[in-house]
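Residues: numbered from 1 along the sequence shown.
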Amino acid sequence: MNGWLMRTLLGRIGGLALTLFLASVVIFSALLLTPGDPIAALAGGAKPTPELVAQIRAEYHLDDPIWARYLQWLGGVLTGDFGRSFVYQTDVLGLIAPRFAVTLQLVLLTVVMILIAGVGSGILAATRGPAVDRAVGLLTALGMALPTFVVAILLIWVFAKSLGWFPVYGEGAPGLDRFWHLVLPAASLAVMFIAYISRVTRSSLVAQLHSEHVETARVRGIPRGRIFRVHVFRNAAPQILAISGTTIAGLFAAAAIAEQAFGLGGIGSLLTEAAARKDLPVVQLVSLLLVTIFVVLNAVADLVSALIDPDSVNAGRPA
């Protein structure tokens, strides 16, 4: 690894740390400033007595300045103490961990669908002639126009209700049953992203296919397969990878829609429920977790793109 790439890596790690710090400040402050009284949630919906209110305020440091409460919360996060849920009265990490496993499995299955169908259809559109290109373009336009919850309803109606091939609700038991329960939610979540990745892949490949160095390779008699692998797909890969990284990172937040539609107990549905019930520790940790996943995956995608094509990094190098 050369010095320029090392400095780029260190710069991105520094930017990543700064982004996470600013995100933690925004998340903590914004949630404290939202309307609603967390004491109502802590009191379990009953009207609290003055003694109970005083006890809750002292236990959760509700009378401390915001900056003091932020430092206390950040210190807990950095040392593995994520607080207790106001509603469930249990450790937040223990509450989130099993739900995160469900969301992670849903996202991984969705990623497989997106990469296979999105990149595959993009390659077909770029290399198989105008008729295939128009057909893929029509399907991707339809896919990008359909919201996830509409796709979820259609999939439930066709493949769960009418054909009975897949279960309608729930995440099922771990193993093959879990996989079977996640197929329809993953498909509903993947459709829009498949269309997007397909269009990006097609555009990147078409640009490379019409480039000067590919024309030179054709004139030199290099086989078409080798031209596509070495001179076309390899050069288009960094852009496809960068867009795919951003897309995959966004799946964790977008998964909430599929989880609600199919009754999955993931962190998306937990975040929605916690926000409605003013369960601040849960909302804060889930939000911070989603932001961390997003920025880390983006940084990894940028780094991998730079390793595949160092010229993309050197393009910004000072002379």
Side-chain angles (χ1 to χ4, degrees), residues 1-13 15-16 107-141 143-144 190-251 294-319:
M1 183 180 293
N2 59 44
W4 170 250
L5 195 56
M6 177 63 77
R7 287 194 296 274
T8 301
L9 175 62
L10 294 176
R12 288 180 179 172
I13 291 175
L16 177 67
V107 169
L108 290 177
L109 183 56
T110 306
V111 168
V112 173
M113 292 180 178
I114 290 173
L115 293 181
I116 292 176
V119 177
S121 61
I123 293 175
L124 289 177
T127 60
R128 296 299 179 181
V132 175
D133 189 14
R134 284 194 292 271
V136 173
L138 180 64
L139 291 175
T140 55
M144 295 182 73
V191 167
M192 186 181 299
F193 295 101
I194 287 174
Y196 182 53
I197 295 298
S198 176
R199 292 203 164 195
V200 171
T201 301
R202 182 222 175 249
S203 299
S204 302
L205 294 178
V206 168
Q208 292 297 325
L209 286 169
H210 291 88
S211 63
E212 185 176 342
H213 70 279
V214 171
E215 291 295 335
T216 302
R218 289 197 185 101
V219 171
R220 292 172 57 192
I222 297 176
R224 291 182 57 185
R226 179 174 173 78
I227 291 176
F228 183 80
R229 290 193 306 273
V230 177
H231 298 282
V232 176
F233 192 78
R234 181 179 176 182
N235 289 338
Q239 183 179 359
I240 298 172
L241 185 61
I243 298 298
S244 299
T246 305
T247 300
I248 293 169
L251 284 176
F294 186 85
V295 297
V296 168
L297 287 181
N298 272 300
V300 171
D302 287 345
L303 179 60
V304 174
S305 297
L307 292 175
I308 293 176
D309 182 15
D311 290 339
S312 65
V313 176
N314 293 331
R317 185 178 184 175

Which pairs, with at least one residue in [range] and sequence neighbours excluded, count as a salt bridge (charged side-chain N to carboxylate O under 4.0 Å, His left out)?
range            : answer
residues 109-118 : none
residues 238-249 : none
residues 193-207 : Asp133-Arg202
residues 210-219 : Glu215-Arg218

Legend entry - Under the side chain to side chain donor-acceptor pair (under 3.5 Å) test, residues paired with Ser198 that sit two or more places apart: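 Applying side chain to side chain donor-acceptor pair (under 3.5 Å) to Ser198 gives Ser121.
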Legend entry - Residue list, side chain to side chain donor-acceptor pair (under 3.5 Å) with Ser211, at least two apart or on another chain: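 His213.
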In chain order, what residues pass the side-chain contact (heavy atoms from CB on, under 4.5 Å) check against [X], with sequence neighbours excluded?
X      : result
Arg229 : Arg226
Ser203 : none
Ala217 : Ile222, Ile227, His231
Ala195 : Thr140, Met144

Sequence neighbours excluded and cut-off under 3.5 Å, please list the side-chain donor-acceptor pairs for residues 108-117, or say none.
unit_1: Thr110; atom_1: OG1; unit_2: Leu106; atom_2: O; d: 2.7

Inset, instruction - Kindly check if the number of other-residue, nucleotide or ligand heavy atoms within 6.0 Å of CZ (Phe228) is above 12? - result: yes
